[in-house]
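Order of the sequence lines sets the chain letters (A, B, ...), proteins ahead of strands, with each chain counted from 1.
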Protein chains: 2
Amino acid sequence: MAAKRSGAPSKRSLRTRPQPVLEPTGEPPLSRERIVATAVELLDAQGLDGLTMRGLAERLGSGVMSLYWHVDNKEDVFDLALDSVLEYRGPPQMAESQDWRADIVHMLEDWRASMLRHSWSASLLPRRALGSNILSRLELLSKTLSKAGVADTDLNVAIWSLWNYVMGATITRASFDLSDDDMAAAQQRLTGERYTTIERSRLLLDNDWDGAFRKGLDFLLDGLAPR
Amino acid sequence: MAAKRSGAPSKRSLRTRPQPVLEPTGEPPLSRERIVATAVELLDAQGLDGLTMRGLAERLGSGVMSLYWHVDNKEDVFDLALDSVLEYRGPPQMAESQDWRADIVHMLEDWRASMLRHSWSASLLPRRALGSNILSRLELLSKTLSKAGVADTDLNVAIWSLWNYVMGATITRASFDLSDDDMAAAQQRLTGERYTTIERSRLLLDNDWDGAFRKGLDFLLDGLAPR
DNA sequence: ACCTGAACACCGTTCAAGT
DNA sequence: ACCTGAACACCGTTCAAGT
């Protein structure tokens, strides 16, 4: 699945070389790491559309085209920023755990929380190649589901179901979150006879996102691996 | 939830007026409807990034700025194109149905199919205001879940869980679908010792998307409304 | 090995004007 | 009521060049 980025090596040599003398007063030299870190800052502050190569260069105190020596193009910046945000340290004492279900819930809530910390990341993830950090998360999820008793033949379906649920929930939350006022306005517009049921249940005003995520996840896990 | 677009009336008068004489040989006059229909064509052909106001105008045989009399801005075009693609006619004989679960599956599969017919639409939906067609779908879903025995207190959680699942599945499918070759390449890269489990289960090569969607949906429905 | 500015081919939208 | 072109303030990236 996915993988828009080929494995082709970048122009940059992969070997390290003797550091040139640092000027202690000026900006540190450009590097892939600095570019990625700054891109994440910019994305956090301005959103997906707010990241421009020109803006990024300005923030780094360099010329625009200098970036292109460290990075293939803007898509490359997106890929690197995305993967950098998806690192996972794992649950406290994974190895000895016996409560597989709690482990799974922990993993998925951490995954969701990581993406919500960077609201642009969720909607980017399905569009890009799967980086190593997200693959590690899927690998761990897979191992844990297996231990939890999900049959091998159901494993891929289980993983993709959880993926779908987490991604849908997180993309939605990160997108809708932008304006509570608008949610109220939308709920307002439901008044009348066309949307009686969802008006009565106050569907668009229900803003316990964390609780709803957890409850829906429990329902799904009940279906996947009945206790 | 959502609603970036205010209810403010557009510049365009809402009343109809006597038709000017049509030139049978030339293009029909510009109209909101023509603009939206052409935008959908363009989006289908070129994707989200492929829609430009200039390209749209050219395809309509008009000047770029002529569009702005019928439409507020580019975001408006997205909103209108999105809603136009989400119409729902309803299941064959909804009124007399007794099989609520089958009705729900039908509704959600139709929703997904509508979005997959226009691969740009799924990723756009969570980012935009909820239009009348998607609200109608949610209203019908809500009514049906109620009849299926979902408690009122669980109703919103059930709706959002299904929303999350459908949106996650459809966005993912529409995005990953772009290249089967790349999926194979990604699976290839799993070789080694880091991703043993998902490599063995061939997670990234499992391309029975329709079947996986249906199976996962069944699991979720089992959790939501046990038979 | 690393960085740069000029230039190209694009964008969405404002504005003042035409019919 | 409807349409228009010129202009503005942007984009990402190629290229040929600098150190």
Side-chain angles (χ1 to χ4, degrees), chain A residues 4-5 8-23 26-35 38-39 42-43 46-81 124 128, chain B residues 4-5 8-23 26-35 38-39 42-43 46-81 124 128:
Chain A
K4 264 130 209 161
R5 177 169 158 77
S10 105
K11 278 167 294 184
R12 192 171 80 123
S13 159
L14 295 173
R15 258 160 298 174
T16 54
R17 22 163 229 92
Q19 286 281 355
V21 185
L22 287 182
E23 306 208 9
E27 304 267 7
L30 274 186
S31 68
R32 217 162 219 256
E33 293 67 35
R34 268 192 81 219
I35 291 174
T38 308
L42 219 45
L43 284 164
Q46 321 259 33
L48 272 183
D49 294 337
L51 180 69
T52 66
M53 296 302 273
R54 289 167 203 265
L56 185 53
E58 192 182 16
R59 189 135 169 173
L60 286 160
S62 79
V64 198
M65 295 316 300
S66 311
L67 303 176
Y68 285 80
W69 196 83
H70 301 271
V71 132
D72 288 348
N73 48 38
K74 195 180 178 181
E75 299 223 315
D76 199 14
V77 177
F78 277 130
D79 283 340
L80 294 167
L124 202 54
R128 311 298 317 159
Chain B
K4 265 128 207 161
R5 178 169 159 78
S10 106
K11 279 168 292 185
R12 192 171 80 123
S13 159
L14 295 173
R15 258 163 296 172
T16 55
R17 24 163 227 91
Q19 285 282 354
V21 185
L22 287 182
E23 306 207 9
E27 304 267 8
L30 273 185
S31 68
R32 219 164 218 255
E33 291 68 34
R34 268 192 82 219
I35 291 174
T38 307
L42 219 44
L43 285 163
Q46 321 259 34
L48 270 184
D49 294 336
L51 180 69
T52 67
M53 297 302 272
R54 290 166 203 265
L56 186 52
E58 192 182 17
R59 190 134 167 174
L60 285 159
S62 78
V64 196
M65 294 317 298
S66 311
L67 303 176
Y68 284 80
W69 197 83
H70 301 270
V71 133
D72 287 348
N73 48 38
K74 195 181 178 180
E75 299 222 314
D76 200 15
V77 177
F78 277 131
D79 284 339
L80 294 166
L124 202 53
R128 310 298 316 159

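dC3(C) and dT14(D) have their C1' atoms separated by 16 Å, with the value rounded to a whole Å. Rounded to the nearest Å, the gap between the P atom of dC2(D) and that of dA16(C) is 22 Å.
Thr38(B) places a side-chain N or O within 3.5 Å of a backbone atom of Arg34(B) that can act as its donor or acceptor partner.
Regarding Glu58(A), its CD atom lies at a distance of 13 Å from the P atom of dT4(C), rounded to whole Å. Atom CG in Leu30(A) sits about 9 Å away from atom C1' in dC2(C), given to the nearest Å. Between the CG atom of Leu56(B) and the P atom of dC3(D) there is a distance of 13 Å, rounded to whole Å.
When all heavy atoms are compared, the tightest approach of Tyr68(A) to Asn73(A) is CE2-CA, 4.0 Å. Of all the heavy atoms in Leu67(A) and Ser62(A), the pair that sits closest is CD2-OG, 4.2 Å. When all heavy atoms are compared, the tightest approach of Leu42(A) to Gly55(A) is CD2-C, 4.0 Å. Listed here is the closest heavy atom pair of Val77(A) and Ala39(A): CG1-CB, 3.7 Å. Summarising the geometry of Thr52(A) relative to Lys74(A), their closest heavy-atom pair is CA-NZ, 4.4 Å, with the distance given to 0.1 Å.
At a threshold of 4.0 Å, the pair Arg32(B)-Asp76(B) counts as salt-bridged, since one of the basic side-chain nitrogens sits closer than that to a carboxylate oxygen.
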### Query
Taking protein heavy atoms under 4.0 Å as touching, what does nucleotides 6-19 of chain D look like 5' to 3' if B marks base contact, S marks sugar-phosphate-only contact and - marks none?
B----BBBB-----

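For DNA chain D, if you chain together Watson-Crick or G-U pairs that step i with j, i+1 with j-1 and so on, the runs of at least three with distances under 3.5 Å are C:4-8 with D:12-16, C:12-16 with D:4-8.
A side-chain contact (heavy atoms from CB on, under 4.5 Å) with Ser66(A) is found for exactly one of Leu30(A), Ile35(A), Leu60(A), namely Leu30(A).
Close to dC3(D), at under 4.0 Å from its OP1 or OP2, lies a side-chain N or O of His70(B).
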